[in-house]
There are 2 protein chains.
Amino acid sequence: MPKIGMEPLRRKALIDATISTIGERGTLNVTVAEIAGRAGVSSALAHHYFGPKEELLQATMRQLLADLGRDAVSALSRSATPRERVSAVISVNFNAGQFREETVHAWLAFYVEAQNSPPLRRLLRVYARRLHSNLMSGLAPLASRPEAERMAEAIAAMIDGLYIRRALRDGLPNPASATALVEDYVDAKLRQQANTP
Amino acid sequence: MPKIGMEPLRRKALIDATISTIGERGTLNVTVAEIAGRAGVSSALAHHYFGPKEELLQATMRQLLADLGRDAVSALSRSATPRERVSAVISVNFNAGQFREETVHAWLAFYVEAQNSPPLRRLLRVYARRLHSNLMSGLAPLASRPEAERMAEAIAAMIDGLYIRRALRDGLPNPASATALVEDYVDAKLRQQANTP
DNA sequence: TATTTTTAATTGACTGATCAATCAACAAAA
DNA sequence: TTTTGTTGATTGATCAGTCAATTAAAAATA
């Protein structure tokens with residue numbers, strides 16, 4: 001049933017299948033055959049469109065990053081004050097879409113694989129830089145430059161840390177409590193700023 | 001050269017080789033043959049002493065945990081005040097021994113593998129619980145129960161997060177700055193306590 | 001319009017490499 | 001001679017990646 005114009009559909013299906021397979025398995029050690037099977041095609045077709053497995057993984061990572069980026073832009077556009085911008089960045093990261101068991105596991109697996117794969121490493125750096133700059137866009141007006149930098153670094157670390165812990169014990173920090181924990185930090189720091197000007 | 005009493009020596013050499021191999025490679029995807037080679041023995045001997053590969057990995061994880069535990073106990077015993085206990089727990093985690101590139105990568109790899117291996121998952125939970133209780137031993141006298149719990153959770157998340165970030169960008173949070181970041185959080189929170197009693 | 005030709009989609013079967021795990025055999029100490 | 005330490009060789013399974021062959025749509029040609 002070769003209908004033309006299948007390529008974009010297949011690519012998407014394969015990337016989606018990659019996310020869900022890695023998410024369920026909790027590791028990047030998944031076979032191309034299983035991914036392809038879930039996408040309803042043969043492994044040969046996956047190689048036909050993506051070449052080596054590594055490229056399929058990179059494309060998947062890019063998709064994850066793009067999803068997160070889109071949500072972040074949309075959330076930021078809805079915030080009026082700097083403080084709201086900070087909250088927006090935090091909440092996006094613990095959003096329903098991103099904070100699902102599946103996605104968390106996939107992220108973790110990619111984090112580890114990035115140690116070995118320069119392309120994946122580069123992609124993760126993009127994420128880290130973007131998170132940092134999004135946070136700074138809200139923090140800069142609220143604190144001195146070095147203090148804002150420090151806070152951005154701490155917030156980013158807390159977000160990543162809550163992810164990793166979420167993956168470990170299954171579920172302790174639910175989205176709401178994770179957000180609350182980070183917000184609590186921001187509040188404490190900003191109150192400290194106000195008290196010692 | 002079969003001298004008797006080799007077993008404990010070989011076991012230790014194999015575990016050490018496992019840590020360094022995983023650390024350098026940045027993944028648990030290392031062959032038994034390579035580990036054994038580094039330990040100066042054949043892969044058959046590794047299987048002879050540890051059985052399946054999985055068991056060698058578990059033994060390695062236990063070793064990592066034991067090292068961290070020993071350091072924690074020793075650091076806690078040297079602290080007089082509750083505030084010092086908190087600092088001790090934080091600094092142990094960013095200590096030279098634990099925070100080396102090698103060890104960081106190994107930890108990360110184990111975190112991911114724990115998604116698939118119930119025994120590894122259990123071991124990591126032991127670590128998480130111990131970290132939490134160590135932190136609480138210092139925080140409990142300094143804040144209300146729920147506030148102390150919140151701080152312990154946040155500190156633990158920051159520690160894990162700084163680990164993961166350390167692995168990603170090569171080197172940004174050095175031990176000193178990582179410690180400073182977490183201490184800054186603790187100070188901010190405690191000052192907030194003092195200001196609104 | 002009817003035909004031939006080209007192109008896109010798709011897969012089953014295969015290859016080659018990699019590894020975990022086993023085992024029979026041997027060496028030396030007790 | 002029994003026990004402990006040790007390995008080379010082998011097996012069996014798993015996979016990534018390739019390739020030739022097949023189908024049908026689309027384009028070109030008659």
Side-chain angles (χ1 to χ4, degrees), chain A residues 1-22 24-61 106 109-110 112-113 116-120, chain B residues 1-22 24-61 106 109-110 112-113 116-120:
Chain A
M1 356 91 174
K3 309 213 176 114
I4 69 146
M6 293 307 289
E7 176 157 359
L9 300 184
R10 294 305 191 199
R11 288 190 104 99
K12 185 179 181 333
L14 282 164
I15 287 175
D16 287 349
T18 305
I19 295 175
S20 82
T21 308
I22 291 176
E24 261 178 45
R25 275 273 205 294
T27 167
L28 284 201
N29 264 347
V30 292
T31 68
V32 173
E34 173 162 10
I35 294 171
R38 283 195 192 212
V41 298
S42 73
S43 68
L45 194 67
H47 282 115
H48 174 64
Y49 284 131
F50 286 98
K53 185 185 183 183
E54 174 81 11
E55 252 175 68
L56 172 57
L57 296 181
Q58 285 167 32
T60 302
M61 180 94 228
F110 275 115
V112 167
E113 197 61 14
N116 303 77
S117 159
L120 286 184
Chain B
M1 2 122 152
K3 308 212 176 116
I4 68 146
M6 293 308 287
E7 176 157 359
L9 300 184
R10 294 305 191 198
R11 289 189 105 99
K12 185 178 181 333
L14 282 165
I15 287 174
D16 288 349
T18 305
I19 295 175
S20 82
T21 308
I22 290 175
E24 259 178 45
R25 276 272 205 293
T27 168
L28 284 201
N29 265 347
V30 292
T31 68
V32 173
E34 173 162 12
I35 292 171
R38 283 196 193 212
V41 298
S42 73
S43 68
L45 194 66
H47 282 114
H48 174 65
Y49 284 130
F50 286 98
K53 185 186 182 182
E54 174 81 11
E55 252 175 68
L56 173 57
L57 296 181
Q58 286 167 30
T60 302
M61 180 94 227
F110 276 115
V112 167
E113 197 62 13
N116 303 77
S117 159
L120 286 184

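Throughout, protein chains are lettered first and strands after them, A, B, ... in sequence-line order, and every chain is numbered starting at 1. As a basis for the values below, the full set of heavy atoms in this structure was taken, side chains included, without hydrogen atoms, waters or symmetry mates. Predicted model only: the values in this text are computed from it and were never measured.
Separating the CG atom of B:Leu14 from the C1' atom of D:dT7 is a distance of 14 Å, rounded to the nearest angstrom. Rounded to a whole Å, the CG atom of B:Leu45 is 14 Å from the C1' atom of C:dC26. Following rounding to the nearest Å, A:Glu7 (CD) and C:dT10 (P) show an atom-to-atom distance of 10 Å. Protein atom CD1 of B:Ile4 is 12 Å distant from nucleotide atom P of D:dT6, rounded to whole Å. For B:Arg25 and C:dC19, the CZ to C1' distance is 13 Å, given to the nearest whole Å. Summarising the geometry, the separation between CG on B:Leu9 and P on D:dT4 is reported as 16 Å, rounded to the nearest angstrom.
Set against D:dT6, D:dT7, C:dT10, the side chain of B:Val41 has D:dT7 as its closest nucleotide. The side chain of B:Met6 sits closest to D:dG5 out of D:dG5, C:dT10, D:dA25.
Within the structure, side chain to side chain donor-acceptor pair (under 3.5 Å) contacts touching residues 44-53 of chain A (residues at least two apart or in different chains) do not occur.
Remark: A:Tyr49 is in phosphate contact with C:dA9, judged by side-chain N or O atoms under 4.0 Å from OP1 or OP2. Side-chain N/O atoms of A:Arg10 include none lying less than 4.0 angstrom from OP1 or OP2 on C:dA8.
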Output one letter per nucleotide in nucleotides 13-19 of chain D: B when a protein non-hydrogen atom lies under 4.0 Å from the base, S when only the sugar-phosphate is that close, - when neither is.
--SSBBB

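Across all their heavy atoms, A:Leu57 and A:Leu120 have their closest contact at O-CD2, 4.4 Å.
Residues forming a salt bridge (Lys or Arg N to Asp or Glu O under 4.0 Å) with A:Arg25 (at least two apart in sequence, or on another chain): A:Glu34. Judged as a side-chain hydrogen bond (donor to acceptor under 3.5 Å, both in side chains), and not counting sequence neighbours, B:Thr27 has no contacts. Taking B:Asn116 as the reference, nothing meets the side-chain hydrogen bond (donor to acceptor under 3.5 Å, both in side chains) condition, with sequence neighbours excluded. Partners of B:Glu7 according to the salt bridge (Lys or Arg N to Asp or Glu O under 4.0 Å) rule, which considers only residues two or more places apart in sequence or in another chain, are B:Arg11.
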